[in-house]
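A short write-up of the structure that comes next.
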Amino acid sequence: MRLQEPVEKALRLSAKVYLEGVVNICYKNDVLRRFEAYIHMRLQELGGLFAELRKANGHSQQQVAAMSGVDRTTVSRFESGRVMELGFSKIERLFALYGQELAPRPRKTPTLDDLVREREWR
């Protein structure tokens, strides 16, 4: 009987560790998905802003591609929000065409849209 008790305790402990690991992995995957959705929304906003700048300066996507070295289809996908990921150097080159730069700044207080979006993620 005494030998069986430590074995049962070890099994319970290993099951607990396993379940905590599964829960932790699920939590991390959920956080990662939310982060990816947040980043994607930011890329959509940047793409829309860039499209406005390009049109205001009277350039076509082909002209922008030639001036920046970024492929025209990438420019199109960026502007329409269909790009899931785009390197910082490409975004920086695109905005530099119009005298714009990307700079870190303190995070602003969330808007109502931000709060609704966050609630939908949960």
Side-chain angles (χ1 to χ4, degrees):
M1 285 295 195
R2 289 189 143 192
L3 185 60
Q4 189 175 8
E5 190 174 303
V7 171
E8 287 177 1
K9 194 174 191 178
L11 286 174
R12 274 185 271 140
L13 181 62
S14 65
K16 181 180 177 187
V17 168
Y18 173 77
L19 289 176
E20 286 177 356
V22 169
V23 168
N24 195 24
I25 289 169
C26 291
Y27 172 75
K28 286 181 180 177
N29 286 341
D30 184 51
V31 168
L32 182 60
R33 276 193 296 274
R34 283 191 267 157
F35 179 71
E36 287 172 348
Y38 178 78
I39 293 299
H40 182 66
M41 287 303 297
R42 294 293 178 219
L43 277 176
Q44 284 180 334
E45 293 169 8
L46 279 175
L49 178 62
F50 181 76
E52 291 173 15
L53 284 170
R54 178 184 60 79
K55 291 172 185 174
N57 284 280
H59 292 132
S60 68
Q61 290 178 345
Q62 186 64 43
Q63 290 171 320
V64 165
M67 292 186 294
S68 67
V70 177
D71 189 60
R72 189 205 57 78
T73 56
T74 302
V75 173
S76 172
R77 291 175 56 228
F78 176 53
E79 288 184 357
S80 64
R82 291 180 292 137
V83 67
M84 292 298 289
E85 185 176 290
L86 189 59
F88 178 79
S89 62
K90 288 181 182 179
I91 295 172
E92 187 178 40
R93 277 187 277 155
L94 290 171
F95 278 95
L97 292 174
Y98 303 114
Q100 303 288 313
E101 68 179 14
L102 302 175
R105 64 177 180 170
R107 182 167 262 198
K108 62 180 174 105
T109 55
T111 64
L112 182 58
D113 290 334
D114 294 334
L115 295 173
V116 168
R117 190 178 309 126
E118 182 180 331
R119 185 173 205 168
E120 289 171 354
W121 285 346
R122 291 180 184 172

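Just the heavy atoms: all of them, side chains too, but no hydrogens, waters or symmetry mates, feed the values below. Bear in mind the structure is a predicted one, so any value in this text is a computation, not a measurement.
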Using 0.5 Å steps for rounding, measure from the CE atom of M84 to the CG atom of L43. 8.5 Å
Just verifying a value: how many Å separate L46 CG and L53 CG, rounded to the nearest 0.5 Å? 10.5 Å
Over all heavy atoms of both residues, which pair between E85 and V83 is shortest? Give the atoms and the distance, please. O-CG2, 3.1 Å
Looking at residues at least two apart in the chain, or sitting in another chain, which of them share a side chain to side chain donor-acceptor pair (under 3.5 Å) with N57? none
Step by step, work out the side chain to side chain contact (heavy atoms under 4.5 Å, CB included) result for V70 and V64. CA-CA 8 Å; V70 177; V64 165; over 6 Å; no
The criterion is side-chain contact (heavy atoms from CB on, under 4.5 Å); which residues satisfy it with R72, sequence neighbours excluded? Q61, Q62, A65, S76
Here the salt bridge (Lys or Arg N to Asp or Glu O under 4.0 Å) pairs for residues 48-63, sequence neighbours left out, are R54-E79
What pairs of residues pass the ring pair (Phe, Tyr, Trp, His ring centres under 6.0 Å) test when at least one of them lies in residues 53-98, not counting sequence neighbours? F50-F95, F50-Y98, H59-Y98
